[in-house]
Protein chains: 2
Amino acid sequence: MKSSDKIGWAVTAEKLMVDKTLPLAVDDGSARLRVYPHEMERKIQKKDSLVEDAYKVLKASILDGTLPAGYQAVEHRIADQLNMSRTPVHEAVIRLQHEGLVRVMPRRGVQVLPILASDMIEVYQLLVAMEGTAAMLLAKDPDRAQASIQMLEDATSQMERALDADDLRGWARADDQFHRVLVNESGNRRLAKMTATLIDQAQRARAVTLPFRSVPRMSVQEHRIIISAIRAGDQIGARAAAEGHRTRASGEIIKAIGRL
Amino acid sequence: MKSSDKIGWAVTAEKLMVDKTLPLAVDDGSARLRVYPHEMERKIQKKDSLVEDAYKVLKASILDGTLPAGYQAVEHRIADQLNMSRTPVHEAVIRLQHEGLVRVMPRRGVQVLPILASDMIEVYQLLVAMEGTAAMLLAKDPDRAQASIQMLEDATSQMERALDADDLRGWARADDQFHRVLVNESGNRRLAKMTATLIDQAQRARAVTLPFRSVPRMSVQEHRIIISAIRAGDQIGARAAAEGHRTRASGEIIKAIGRL
DNA sequence: TTATGCGCTCTTGCATACCAGATAACATTT
DNA sequence: AAATGTTATCTGGTATGCAAGAGCGCATAA
């Protein structure tokens, strides 16, 4: 199979182009000065750079399987599809390479990497450590936990509803949400950012294996255990619960990948 | 103080240029084939890309304090100093930004970020989790540990010798080496790579605070505890020892930074 | 002298152009 | 026909060119 076919992400790219034309926040003069520089940055980056656009589109396409493992394309073609020049694509691709999603083979194009069982072992070992820490940090800080617990519970309830409706994708989405909230609310931004990358990879693996494995009702229950430990301020318990949850899930995923 | 002065890394850059002209390994036909692919890659990447060069030089300069926090420069000037165009510098800078070492302010140049106590809290929380996991993994795999233990012991002895000679920098270097070996030998490449970034940040903080704090002889002792737990295959113990070590060090560093 | 507004400059982000090197097809020779 | 040498082409890495926007200074007016 030659790799010169058209690519399937044109739609996503177009949607994204539209988003970029959203009106920016304008200073109407009524606002008080002394905007926190932090907040200002937020407002400014409303308009993503092209690099960011390319990165997001490519990453999303890889994660949801639109660009399957083994897919290969040259930067120039990708740039055409995204209506931009090679420069931003090049930078985005390099970023994806650092995250382990693609590799660029000199003079052979960029290639979407396959999901290896060994990769998932690594990813889950890290998720165990990261989310264990996140749960512990949340349990340690009751004030912060207060607000977070609601989000965690919502995500878990959502999972339960999706399960009852036999909505596997909905379940997966809600499960992802739970884990992202867990690390985002930990108060450690580095932890949140690093773990996000890991969750991405896990998500990709799950997208592929989802049809092949039974959905564990157990995950809902385990999430609730984590939540109640956090609520109780039980650092050790929260950590152990989060670790146990990911450790168990790890086994299932890796078994499922082996079956592919 | 205007920021248009010449920069101090010219030397480093030049040294690097020289290194690049070193004779590459040439295949004279006499060498036996079957070089380990790992080693081969090493050889090939002898010639780094310019992006890599820029990245390494800048990073090293930041870590060792040559480019102090608050330092500001524009990409063009950096490119001149490194004898390359803006493109590779631009990419390298973006990489450093993702690692949290610099930030690029839209039309004000790139700025070396200060070391905040809050950053170090985050970094050390993660180091605790990562190195704890690494130690556990090593303890779990006696075969792998076999070879690694020697390296860990060497680094620790080196620390001890440096302490006896009142060589603070030597001690710091050896300590770094210990921690890098620990994660590199864990068998989890992702863990190794992610932790390397964290160690870099910790190293930078220590470079600044080194003169202000008493060197803990304790660290040698703690390292030995970690090593013996690994040797004994005691996963729980190894993890606890590694965690405890970084947790204690965390307190000292953060106190030292506050004193700056 | 101070305040206000206009424009110049400077810098980044992106596009385009260029180059080196590797691959692959083709030709040539045996 | 097979093997080997040669050349054309293609691709990523790098350089350069261009445009847009933010800051700063200068001029002008009060």
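First the proteins, then the strands, lettered A, B, ... as listed; each starts at 1. Worth knowing before you read on, the calculation uses all heavy atoms, side chains too, and leaves out hydrogens, waters and symmetry mates.
Distance A:His90 NE2 to C:dA15 P: 14 Å, rounded to the nearest Å. In this structure, the CE atom of A:Met105 is 13 Å from the P atom of D:dG13, given to the nearest Å. What separates CZ of B:Arg95 from P of D:dG13 is a distance of 12 Å, to the nearest Å. In this entry the distance linking CG of B:Leu82 with P of D:dA15 reads 11 Å, nearest Å. Rounded to a whole Å, the CE atom of B:Met84 is 22 Å from the P atom of C:dC18. At whole-Å resolution of the value, CD1 in B:Ile78 and C1' in C:dT12 are 12 Å apart. In this structure, B:Glu52 places its CD atom 18 Å from P of D:dG12, rounding to the nearest Å. Atom-to-atom, CG of A:Asp53 to P of C:dA15 comes out at 11 Å; the value is rounded to the nearest Å.
A 4.5 Å side-chain heavy-atom check between B:Gln125 and A:Arg190 finds every atom pair outside the cut-off.
Mapped onto DNA chain C by nearest heavy atom, A:Arg108 and A:Glu91 fall at different nucleotides, with A:Glu91 at the one closer to the 5' end. Mapping B:Arg86 and A:His76 onto DNA chain D by nearest heavy atom places A:His76 closer to the 5' end of the strand.
With sequence neighbours left out, the ring-ring contact (aromatic ring centres under 6.0 Å, His included) criterion links B:Tyr55 to no other residue. Not counting sequence neighbours, the partners of A:Gln111 by the side chain to side chain donor-acceptor pair (under 3.5 Å) test are A:Arg103.
The side chain of A:Thr87 lies closest to C:dT16, out of C:dT16, C:dG13, D:dG12. The nucleotide whose nearest atom lies closest to any side-chain atom of B:Val74 is, among D:dG13, C:dT11, C:dA15, C:dT11. Distance from the side chain of A:Leu50 is smallest for C:dA15 among the nucleotides D:dG13, C:dA15, D:dG12.
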CA sep, side-chain torsions, deciding dist, call: B:Asp200, B:Arg180, side chain to side chain contact (heavy atoms under 4.5 Å, CB included):
CA-CA 10 Å; B:Asp200 287 339; B:Arg180 288 187 198 273; 3.0 Å; yes
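Using a 4.0 Å cut-off, some side-chain N or O of B:Ser85 falls inside it from OP1 or OP2 of D:dA15.
With hydrogens and angles ignored, no donor-acceptor pair under 3.5 angstrom links the side chain of B:Ser49 to the base of D:dT14.
Residues B:Thr66 and B:Asp64 bring a donor and an acceptor atom of their side chains to less than 3.5 Å of each other.
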